[in-house]
Amino acid sequence: MNLIVKAGCRIFQKAFRLVIPVLPYREPKIVDACDDLKEVFEKEKITSLLIVTDQGIIDHGLLQHVEEACKKYCVEYTIYSGVKPNPTVENVECGLHLYQNNQSQAIIAIGGGSSMDCGKAIGACIANPKKKVKDMKGILRVIHKLPPLIAIPTTAGTGSEVTLASVISDPKNHDKYALMDFPLIPHYAVLDPKMTYTLPKSLTATTGMDALTHAIEAYIGGSTTPKTRRLALDAIKLIYQNLWIAYEDPQNEVARRNMSLAAYQAGLAFSMSYVGYIHAIAHSLGGQYDTAHGLANAVVMPYVLKAYGHRIDRKMHDIALVAGVSNEIDRDEDACRKMIASIEALNQKMHIPSHIAEIQEKDIPSLAKHASKEANPLYPVPVLWNAKELAPLYRQIKGE
Ligand SMILES: [Zn+2]
C-alpha cells in the first residue's frame, strides 16, 4: 500500500478514535438465567411478547426454558421459528406481522447470530413503521427506540447480543446488507449456561475461537480505550481458562457461564474498537465458500498474527500474560511467538483444521480485494495491507 493511501487510512481511523467516547454505546443489562426474566417482565411491564428463533433451537429443546418462564410469570407469547442461517427480508416481515397481530410488547431473540439479527431488524421496523428493511441499511437510519429487545445467545462467540449490527439478506434482489445503529443494541442479554449445554463440540470450539478473535483483534488494533483493553484482556483470560473445559465437559456450568461472559466482553470490546484483517479474510471466505464464520477466524488467526510481524509483539505479550502462556521475563517477541503457538495448539486440540482447502487460486485476487475493501480504511489494523499484499496470506491459508 502506498504511503499516501496509508496516511489517508490512519487519518480516518484517528478521527474515528476521537469520536468513540462521545458515541451513544449502550451495554445490555446482563440477566443470569431465563428464570430471572421475571424482573425484566415486571420492569418493562411486558404481558405479551414475540420469540424469534429457528427450528434447530426448538429441536434442541432450548425454547422450553423461555416458555416456562413466560408461563410462570403469565406472559403471553408468540413464536416465530422460521429464521434462516442468513436471515432474509421475508423472515423479518413474517416476524413483524406476528408481532403486530398479537399485540406483542417486546422481542426475545434466541439462538446464534441469525436470530439476533432478525430480532433486531423486526424491532427496527416496529420503531420506524414508515420504513422498509432496505430503507434502514447502513448507518443512522434507525432513529427511534426499539421495543424491549432481549437477546439469549445459545453459542458463546458471536457477541451479537451486544452489537449494533443486523445483517439481512434479500435473495430476490441478490443483496445482503447490514443495518448499523445504536438503537439496535439489545436491552438485555440473558447469559444462561443452560442454553449452551447442547452446543455440539465443534461449535463450542469454533464459536469460542470467534470470541477470542474479537478480543485479540480489538486489543491489537489502534482504536482502543482503557475500557476496551480491559474488556479484551478479561475475555482472553476467561477463554483460556474455560474454552477447553467447556469443550471437554459440555455441561460444566462454570465453564459455560464464563465462556458466555467472555463472548459478551469480547463483543463489547470489538463493537467499540473494531476487528481487523482476520475478520475481513474470514468474511471473504464465508461469502465465497460458505465457510462458517468461527471456523474461518480460527484457521486464519495464526497466519495473520504472524504476518503482522514485530509490530504486535508488545501487545501480544500482554495477551500472552493473561492467557498464561508467557511470563514477565520473556522478551516481547518470544511472548508473541508463544501466544501464536498456543492458538495453533488450541485449534489442533479441538480438531480445527490448519488450512482451508476450498480456496481456489483463481478466486484469490477477488477474495483479497473483498477483504481489503471491507477493512480499509475502517479497521485500525496494526499493519496496513492492500489487496495485493493480502493475496499471499490466502495461499498460506490454502496450504500451498
Ligand atoms: Zn466474529
Side-chain angles (χ1 to χ4, degrees), residues 28 85-87 109 111-117 120 151 153-169 176-180 184-186 189 191 196 199 202-221 223-224 228 231-232 234-236 238-239 243 259-305 319 343 346-347 350 352 356 367 370-371 373-375 378-381 393 397:
N86 289 307
S114 316
S115 297
M116 313 265 169
D117 283 356
K120 288 173 186 174
T154 55
T155 64
T158 66
S160 285
E161 68 275 17
V162 302
T163 64
L164 50 73
S166 159
V167 179
I168 301 296
S169 294
K176 186 176 181 178
Y177 46 78
L179 281 57
M180 287 186 291
L184 296 175
I185 300 172
L191 305 183
T196 60
L199 193 63
S202 61
L203 283 178
T204 298
T206 53
T207 55
M209 293 309 276
D210 184 25
L212 182 65
T213 314
H214 295 153
I216 291 182
E217 292 211 289
Y219 192 79
I220 63 173
S223 289
T224 63
T228 63
L231 284 165
D234 286 352
I236 292 162
L238 282 177
I239 292 165
L243 178 53
M259 278 308 298
S260 295
L261 181 60
Y264 173 94
Q265 291 171 330
L268 277 178
F270 91 82
S271 60
M272 284 182 258
S273 291
Y274 280 97
V275 285
Y277 287 126
I278 303 170
H279 265 78
I281 293 174
H283 287 148
S284 73
L285 297 173
Q288 183 78 26
Y289 309 113
D290 252 351
T291 317
H293 178 70
L295 172 68
N297 274 329
V299 179
V300 171
M301 179 156 43
Y303 295 99
V304 173
L305 294 177
I319 290 172
I343 294 167
L346 189 55
N347 273 346
M350 297 192 296
I352 292 173
I356 293 174
L367 290 166
H370 189 282
K373 204 173 158 198
E374 175 181 322
L378 185 62
Y379 296 167
V381 286
L393 275 165
I397 298 161

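Because only heavy atoms are used, hydrogens play no part in the values below, and waters and symmetry mates are left out as well, while side chains stay in. In each ligand, atom 1 is the first atom listed, and ligand 1 is the first ligand listed. Source: prediction; values computed, not measured.
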Quiz item: Can a donor-acceptor pair be found between the side chains of Thr155 and Thr207 at a distance below 3.5 Å?
Solution: no
Quiz item: According to the interplanar angle, ranging from 0 to 90°, do the rings of Tyr379 and Tyr274 count as parallel (below 30°), tilted (30 to 60°) or perpendicular (above 60°)?
Solution: tilted
Quiz item: Looking only at atom types and distance, does a side-chain atom of Lys176 sit under 3.5 Å from a main-chain N or O of Val167, one as donor and one as acceptor?
Solution: no
Quiz item: What does the angle at the Zn ion (ligand 1) come to, between atom NE2 of His293 and atom NE2 of His279, rounded to 10°?
Solution: 100°
Quiz item: Do you know which N/O/S atom name in Asp210 is closest to the Zn ion (ligand 1)?
Solution: OD1
Quiz item: Taking just the N, O or S atoms of His214, which one is nearest to the Zn ion (ligand 1)?
Solution: NE2
Quiz item: So His283 and His293, would you call those rings parallel, tilted or perpendicular, with 30° and 60° as cut-offs?
Solution: parallel
